[in-house]
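First comes the structure, then the notes that go with it.
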Number of protein chains: 2
Amino acid sequence: MMRPAMELRHLRYYVAVAEALNFTKAAARLRVAQPSLSRQMQGLEDEIGVDLMKRSSRGVTLTAEGKLFLDEVRQVIARTDESVNKVRALARGEYGELHIGYGPSVSVEILPPALAAFKNDVPHVKLVLHDLSSNEMAEALRRGTLDLGIMVSPTEENAVGLEFQLLKSYPFCVALPPQHPFARLKQVPITRLVHEPLVSLHQSEYSDYHRLVLLLFAGLEPQPRIVAECDSGSSLFTAVQAGHGLALLPAVYRHVLSTRLELRPLTPRNLPTMDVVVARATKGDLTPAAEKFRRQLLQDGTLRKGSV
Amino acid sequence: MMRPAMELRHLRYYVAVAEALNFTKAAARLRVAQPSLSRQMQGLEDEIGVDLMKRSSRGVTLTAEGKLFLDEVRQVIARTDESVNKVRALARGEYGELHIGYGPSVSVEILPPALAAFKNDVPHVKLVLHDLSSNEMAEALRRGTLDLGIMVSPTEENAVGLEFQLLKSYPFCVALPPQHPFARLKQVPITRLVHEPLVSLHQSEYSDYHRLVLLLFAGLEPQPRIVAECDSGSSLFTAVQAGHGLALLPAVYRHVLSTRLELRPLTPRNLPTMDVVVARATKGDLTPAAEKFRRQLLQDGTLRKGSV
DNA sequence: GAGTAGCGATGCCTTTGAGGCATGATGCGT
DNA sequence: ACGCATCATGCCTCAAAGGCATCGCTACTC
């Protein structure tokens with residue numbers, strides 16, 4: 001004679017009975033007939049092997065064991081519901097972890113509002129931000145440790161296994177000290193830069209930047225003279241301020257630029273731009289939260305063109 | 001079309017499948033047929049509304065949601081089992097709280113070994129000791145805040161609503177300073193005490209003691225002279241040491257007596273004794289743990305007569 | 001103190017759905 | 001191409017949850 005195992009039904013019924021202290025009323029609340037409830041409770045006590053309640057003609061009272069069990073069962077049921085809700089929330093992208101890689105200066109206009117909106121929208125997703133170079137990001141995306149990356153649109157070879165969507169396009173500007181003759185111009189033709197000494201960022205660490213700068217001068221004669229390569233934006237600014245030379249920077253740098261430097265747009269307007277993209281791995285699905293965040297980013301960028 | 005609610009069965013099955021990553025093997029472990037298991041899992045996913053696993057011709061893999069759910073479900077099931085075990089343990093007297101009242105000096109021989117044995121036997125019962133006077137104990141027992149009390153057998157009027165069982169019976173002795181003439185006697189006839197000044201404990205706080213002392217001298221002439229009433233055992237000892245008078249004490253006091261005092265048995269041997277009992281409320285059942293402890297006390301007392 | 005109202009338990013039947021068996025569909029490896 | 005392992009589906013059985021009528025008990029009421 002095999003007894004049916006304990007099921008959640010028993011627990012749900014038990015809570016109802018223990019709260020009503022009356023089989024008839026509990027049965028009504030549960031929308032079952034009282035005899036069925038009676039038998040389920042008998043089965044439960046039989047399974048546990050402990051008397052949980054005392055029945056009398058005027059209702060039900062809980063034994064000490066019954067009171068303890070009520071306590072426990074309430075927690076178990078709450079925990080169960082919570083588990084299901086967590087899974088549903090995860091599927092809706094409202095729970096879980098989201099790993100985002102970003103280049104700090106390059107995403108300064110994009111990331112903060114997106115993060116704020118996302119945190120507001122789905123506060124239970126744990127956002128983990130990773131300050132990475134483009135190469136590290138590509139690697140992490142392929143490995144799957146990163147869900148999304150916000151980066152400069154990379155070259156072909158760095159892009160294998162990845163997919164991109166444009167977030168914002170920044171034209172290049174020239175950064176110069178206020179006393180420089182070009183400071184009087186509203187905009188600077190790139191042809192006039194070829195005779196100026198230039199300060200650049202270090203090639204190996206900022207390969208995307210380097211590539212774009214070369215692209216800007218493609219086909220011009222003579223090629224500009226690079227008098228210094230700096231290993232960070234701030235040292236670049238210092239070099240320009242010190243008058244060592246001018247620097248080419250995408251317009252986004254206006255946010256991080258020292259006030260002691262001026263930024264002038266380049267002409268013509270159809271020069272190569274620095275494109276900031278959101279990257280994801282081609283293989284493997286995005287988590288729902290990542291999908292949500294990606295959408296967030298794309299619709300945020302109402303104006304995709306970086307103004308100057 | 002009403003879908004059956006989620007039951008523990010679904011969770012147990014899910015864990016089996018998620019562990020085996022194979023319906024056929026999981027079904028074998030669960031001793032059900034594979035198709036049944038398949039359908040239960042379909043029902044589960046349907047109920048939650050989330051895909052928990054991906055099926056292929058080579059087995060099963062968990063989705064991210066499925067992994068989270070596995071984690072959660074394992075905890076829920078463990079919690080459920082634990083709840084049932086707690087209730088069973090409570091019913092067996094191996095879990096819960098046990099409130100014991102005791103008079104410190106009077107239970108010095110009885111309580112420590114019983115506590116040690118009990119803690120060893122059922123370590124998960126939380127023992128709460130209450131140092132109370134007899135009156136407070138009786139009150140607490142009737143109120144139900146106390147499970148058991150270890151006390152001096154009380155008078156009728158203090159005993160209403162309570163039941164007692166004898167633990168140990170202590171004959172009275174006389175406490176005297178070493179230089180007192182009676183110190184040379186092996187035992188002291190009570191008739192010789194009626195001419196000695198006596199030191200006693202304060203009547204209102206130690207009514208049981210008082211009653212017994214009066215009982216000892218019942219029928220004797222003249223009645224002894226009580227020269228001082230002390231409000232604690234230690235001040236009583238001091239008074240006797242100082243030579244203010246002798247004191248009558250049950251033999252159990254040999255454990256707490258200052259070494260500067262001698263204790264001599266009284267004769268005849270059939271004088272009233274101080275009986276230490278375990279008390280419980282008449283109405284209301286003892287908790288299983290209390291019942292267990294009571295048995296412990298009763299069988300511990302292999303020799304019920306306090307030796308001298 | 002008989003009647004009655006409210007309680008849970010029991011007997012008996014219905015219905016639901018879990019489970020079993022046979023088989024289908026599919027993808028992988030040989 | 002075939003075989004094998006996998007999970008899904010169709011169909012049936014049967015256990016057990018659920019419903020209805022009724023019983024037995026107790027406590028209150030008049």
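Keep in mind that this is a model prediction, so the values were computed, not measured. So that the names make sense, note that chain A is the first sequence line, chain B the second, and so on, each numbered from 1. Side chains are part of it too, since the values below use all heavy atoms of this structure and drop only hydrogens, waters and symmetry mates.
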Side chain of [X]: nearest nucleotide among [options]?
{"X": "B/Thr24", "options": "D/dC7, C/dA18, C/dG6", "value": "D/dC7"}
{"X": "A/Pro35", "options": "D/dC7, D/dA21, D/dT6", "value": "D/dA21"}
{"X": "A/Gln40", "options": "D/dT9, D/dT6, D/dG18", "value": "D/dG18"}
{"X": "A/Phe23", "options": "D/dA27, C/dG20, C/dG8", "value": "C/dG8"}
{"X": "B/Arg58", "options": "C/dC28, D/dG18, D/dA8", "value": "C/dC28"}
{"X": "A/Arg55", "options": "C/dA9, C/dC28, D/dT26", "value": "C/dA9"}
{"X": "A/Ser57", "options": "D/dA27, D/dC7, D/dA17", "value": "D/dA27"}

Round to a whole Å and report the spacing from [atom1] of [X] to [atom2] of [N].
{"X": "B/Gln34", "N": "D/dT9", "atom1": "CD", "atom2": "C1'", "answer": "10 Å"}
{"X": "B/Leu30", "N": "C/dG19", "atom1": "CG", "atom2": "P", "answer": "9 Å"}
{"X": "B/Met53", "N": "D/dC7", "atom1": "CE", "atom2": "P", "answer": "10 Å"}
{"X": "A/Glu45", "N": "C/dG8", "atom1": "CD", "atom2": "C1'", "answer": "12 Å"}

Using atom types as modelled and distance alone, determine if a side-chain donor or acceptor of B/Thr63 lies under 3.5 Å from a backbone N or O of B/Gly66.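 Answer holds: yes.
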
Main chain of B/Asp81, side chain of B/Asn85: is a donor-acceptor contact present, judged purely on distance under 3.5 Å? yes

Do the side chains of [X] and [Y] get close enough for a salt bridge, i.e. N-O under 4.0 angstrom?
{"X": "B/Arg92", "Y": "A/Glu65", "answer": "no"}
{"X": "B/Glu19", "Y": "B/Arg29", "answer": "yes"}
{"X": "B/Arg280", "Y": "B/Asp147", "answer": "no"}

Tell me whether the side-chain N or O atoms of A/Gln42 pair up with the base of C/dA9 as donor and acceptor below 3.5 Å, since no angle test is needed here. no

Check: D/dG19 base within 3.5 Å donor-acceptor of A/Arg39 side chain: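 Per atom types, the contact qualifies.
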
Select from A/Ser56 and A/Pro4 the residue whose nearest nucleotide in DNA chain D is closer to the 5' end of that strand. A/Pro4

N/O (side chain, A/Asn22) to phosphate O (OP1/OP2, C/dG6) under 4.0 Å: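 Result: no.
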
Categorize B/Lys54 for me: base, sugar-phosphate, or nothing, with a 4.0 angstrom heavy-atom threshold over every strand shown.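 Counting heavy atoms under 4.0 Å across all strands, no contact is made by B/Lys54.
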
